[in-house]
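Counting from 1, the numbers follow the sequence of the chain as shown.
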Amino acid sequence: MRNFFLWLFLSTFLFSGTLELGSDEIYKSKPYMRYALASDMNETYEMLEDKKWEVDKSSFNTFENRDKSYWAKLEVKNRSSETKNYYLQSENQFTYHIEFFLLKNGKVVEYIEDGVIAKNKEREFNTNHMIFPLSLAPHEEATVYFKIRNYNKIDIDFSLVSKEYLIDFYQSYNIVEGIFFGGMLMIMFYNLFLYFLLKFRAYLYYVFYTFWLTVYFAGLFGFSQRYFPEFTWIFYISSGAFFVSMTLFVQSILNLKEQLSKINSLLNIFIAYFVVATVINIFVLEAQEFVYAQLLFNLFFTLVPLYVMLVISVTYYLAYVKKETIARIYSWVWTVVSFAGFLLPLVYLNIIETDIPSDYIFQFLMLFEVLCFSFVLAYKIRVIQREQAEQQILLVEQNKLASMGEMISSIAHQWRQPLSEINGIVLNLYVDYRKEKLNEERFTEHLNGIEEVTSYLSKTIHDFMNLFSHKKELEEFSMLDVIRSSQRLAVISFEEEVSFLYSQDINIQMFGYRSELIQALLIVINNAIDASKQNNISAIISIDIEKVDDMISINIEDNGGGISEEILRDAFNPYFTTKYESQGTGLGLYILKMIIEESMHGSVKIINKNQGVNCEIRVPLNMKHIREKNIF
């Protein structure tokens with residue numbers, strides 16, 4: 001029986017309806033709050049004497065009362081012998097308008113307006129939270145009234161905290177906000193730089209997403225209303241703009257237009273919804289038509305989960321059905337963010353309670369997302385570079401194949417004469433034998449003739465096989481051998497006589513990619529012969545080679561008449577050609593530049609000189625050292 005009376009006494013003390021302050025730094029006010037519905041928008045605290053106060057708002061949180069304000073009442077008593085300076089603090093961001101009345105002995109001693117449409121600029125602490133001061137003398141009592149207008153009449157979870165507590169709290173909180181906004185700005189400018197560097201559209205959409213997300217947070221935390229009150233419309237725009245830019249980013253990074261056109265069209269419908277809903281929301285907020293804002297709010301929180309489920313489902317499909325690595329990473333990130341994002345509204349709606357401020361959760365959740373996406377975009381650079389490298393290899397191989405058909409035809413034409421010579425030598429051998437004139441000297445002469453012709457054929461086919469080899473291995477070779485091979489392959493395709501002039505010493509040893517260097521030189525020599533042929537000039541090609549520090553400089557000069565400066569500017573552009581379509585693809589000099597600069601880490605320059613064009617190619621003497629530097 002004694003335990004029963006003890007329980008009754010404690011419950012009466014705890015739920016007496018008055019919050020009694022002692023020595024603690026923080027008190028929860030929610031158990032002591034009482035609520036009443038406002039009769040009209042202009043109702044004042046003087047009209048509250050006959051109000052019926054409820055422990056919750058369920059009786060008047062109905063559709064009929066959807067656009068009405070409500071009152072919250074809190075009675076506080078200082079039961080200590082010291083003056084207490086406290087603050088009622090809340091981070092709830094869904095409050096349109098709140099009026100704070102502090103009454104002592106039935107008289108208002110403090111009145112403050114706050115909320116989205118009446119942000120209090122005179123807060124003692126420079127914070128985005130709603131803060132209302134409450135000072136009580138020893139054993140003094142006070143009554144606090146709140147007149148509130150907000151979404152769904154959500155409970156505003158006020159904490160009664162001491163000044164010392166707030167000072168410590170906001171020191172940490174300001175550091176968190178600095179990290180968040182600093183991180184967002186760094187990520188935004190980093191991805192903007194990558195966009196200008198790579199011209200990959202997904203980066204631009206991501207920059208817009210990060211920008212509008214930052215603007216949204218600036219408005220959500222009260223900075224726009226406090227520092228830029230005339231630009232609050234930008235905050236309203238941001239609430240839809242970051243969803244639009246995020247959707248465009250998803251469509252671009254996952255290439256949905258090509259892979260899943262129907263899903264892409266469905267996301268376009270969501271984009272249209274975000275745009276229309278944002279425009280309407282701006283209008284109703286400015287007109288303070290909160291009943292329509294409430295409907296938009298409810299619709300938004302109904303459609304966004306569907307939107308999120310659609311995006312995550314697409315990433316999982318692409319990740320585990322289409323086996324895409326990028327989509328797999330996105331699926332993991334969005335799963336984590338969506339799960340935490342689902343819990344966050346429950347915290348805001350006071351369904352889930354946590355000691356961690358929901359602002360912290362929201363900030364770090366978004367920062368985690370944009371950081372992860374930035375890392376994935378950085379990985380995307382590697383994927384793009386790998387694809388570009390594969391494209392370049394494909395272009396080189398296509399160029400080789402394009403040359404192959406011409407060369408096979410030319411080889412067949414060129415080999416007729418050597419084969420005829422062999423046939424003639426064999427016939428002379430037979431005639432000498434029949435006439436019994438085949439002595440040792442004559443026999444050796446015939447064999448030497450056959451050997452000389454077959455050696456020419458063997459060198460030609462060796463050069464041909466090396467040129468079209470798919471191996472890309474470093475090897476040591478002589479520049480004399482490379483020049484000779486390029487010359488033999490070049491003249492195969494031309495019936496006209498071509499004269500080659502060489503520097504005194506071209507027999508320089510180097511370590512690099514022999515086949516690719518032959519192909520590069522072949523492109524230059526073929527262009528030189530083409531130019532001479534077009535101008536009806538007998539082709540004279542000078543080749544000069546010298547060592548310059550740790551590089552080899554190869555200068556190839558022709559007498560083809562030169563080219564105009566306008567054409568020279570575009571010479572290395574892909575698909576640029578001055579020939580008819582049937583005579584050229586415009587890829588020769590582009591592939592030359594790609595082989596020398598990207599594959600061999602050298603340089604190539606073309607200028608007009610004397611009566612023709614001079615092409616200077618510089619490549620490292622030893623590619624092994626270059627490759628080791630790139631690896632490490």
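- Between G562 and N608, the shortest heavy-atom contact is CA-OD1, 3.3 Å.
- Annotation: N439, atom CG; neighbour count of heavy atoms from other residues, nucleotides and ligands within 6.0 Å is above 12.
- In this pair, F243 and F274 present their aromatic rings parallel. The plane angle is below 30°, not in the 30 to 60° band.
- Proximity of L267 to V314: side-chain heavy atoms (C-beta onward) are nowhere separated by under 4.5 Å.
- With hydrogens and angles ignored, the 3.5 Å screen pairs a side-chain donor or acceptor of S313 with a backbone N or O of M309.
- Side-chain contact between Y317 and K322: present, with at least one pair of heavy atoms (C-beta onward) separated by less than 4.5 Å.
- Between I253 and A202, the closest heavy-atom pair is CD1-CB, 4.1 Å.
- Once rounded to the nearest 0.5 Å, the distance linking CG of L318 with CG of L260 reads 5.0 Å.
- The line from CD1 of I483 to CD1 of I518 is 9.5 Å long, rounded to the nearest 0.5 Å.
- Side-chain contact between L501 and I541: absent, with no pair of heavy atoms (C-beta onward) separated by less than 4.5 Å.
- At least one donor-acceptor pair closer than 3.5 Å links the side chain of D558 to the backbone N or O of G560.
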Would L213 and Y209 count as a side-chain contact (heavy atoms from CB on, under 4.5 Å) here? Give the steps. CA-CA 6 Å; L213 193 62; Y209 169 63; 3.9 Å; yes
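- No option in Y206, Y216, F211, W212 other than Y216 meets the ring pair (Phe, Tyr, Trp, His ring centres under 6.0 Å) test with F242.
- Atoms CD and CD1, on E557 and I607 in that order, are 8.5 Å from each other to the nearest 0.5 Å.
- From L474, atom CG reaches atom OH of Y513 across 4.0 Å, with rounding to the nearest 0.5 Å.
- A heavy-atom distance below 4.5 Å is not found between the side chains of V482 and L480.
- Ring geometry for Y320 against Y316 counts as parallel: the plane angle stays under 30°, on a 0 to 90° scale with 60° as the upper cut.
- Of the possible polar contacts, none joining the D481 side chain to the F477 backbone as a donor-acceptor pair under 3.5 Å is found.
- Between V215 and S238, the shortest heavy-atom contact is CG1-CB, 3.7 Å.
- In this model, no donor atom of one side chain and acceptor atom of the other lie less than 3.5 Å apart for S532 and D530.
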Show the numbers, then the answer: is there a side-chain contact (heavy atoms from CB on, under 4.5 Å) between K257 and Q251? CA-CA 7 Å; K257 190 173 183 180; Q251 290 174 318; over 6 Å; no
For L266 and N268, what are the C-alpha separation, side-chain angles and deciding distance, and is it a side-chain contact (heavy atoms from CB on, under 4.5 Å)? CA-CA 5 Å; L266 188 56; N268 285 335; over 6 Å; no
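- Contact check for N191 versus Y195: no side-chain heavy atoms found under the 4.5 Å cut-off.
- Nearest heavy-atom pair across F500 and I543 is CD2-CD1, 4.2 Å.
- Of the possible polar contacts, one joining the N559 side chain to the I540 backbone as a donor-acceptor pair under 3.5 Å is found.
- At a threshold of 4.5 Å between non-hydrogen side-chain atoms, the residues N622 and D550 do not count as touching.
- The distance from atom NZ of K533 to atom CD1 of I537, rounded to the nearest 0.5 Å, is 14.0 Å.
- No option in I596, L521, V604 other than L521 meets the side-chain contact (heavy atoms from CB on, under 4.5 Å) test with I554.
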Check step by step if ring-ring contact (aromatic ring centres under 6.0 Å, His included) holds for F270 and Y307. CA-CA 8 Å; F270 271 104; Y307 167 83; 5.3 Å; yes
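- No hydrogens or angles considered: nothing links the side chains of N264 and Q259 as a donor-acceptor pair under 3.5 Å.
- The minimum heavy-atom distance between M600 and P620, with the atom names listed, is O-CD, 3.1 Å.
- Under the 4.5 Å side-chain criterion, counting only non-hydrogen atoms from C-beta, L204 is in contact with F208.
- Ion pairing between R618 and E616 holds under the 4.0 Å rule for side-chain N and carboxylate O.
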Would I606 and N614 satisfy side-chain contact (heavy atoms from CB on, under 4.5 Å), going step by step from the backbone distance to the final call? CA-CA 6 Å; I606 295 178; N614 178 272; over 6 Å; no
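- Checked options L310, L254, V250; the residue passing with T315 is L254 (criterion: side-chain contact (heavy atoms from CB on, under 4.5 Å)).
- Using modelled atom types and a 3.5 Å distance limit, the side chains of Y203 and S252 yield no donor-acceptor pair.
- Here the straight-line distance linking atom NZ of K605 with atom CG of N555 works out to 9.0 Å at 0.5 Å rounding.
- Here the closest heavy-atom approach between residue I552 and residue M510 is recorded as CD1-CB, 3.7 Å.
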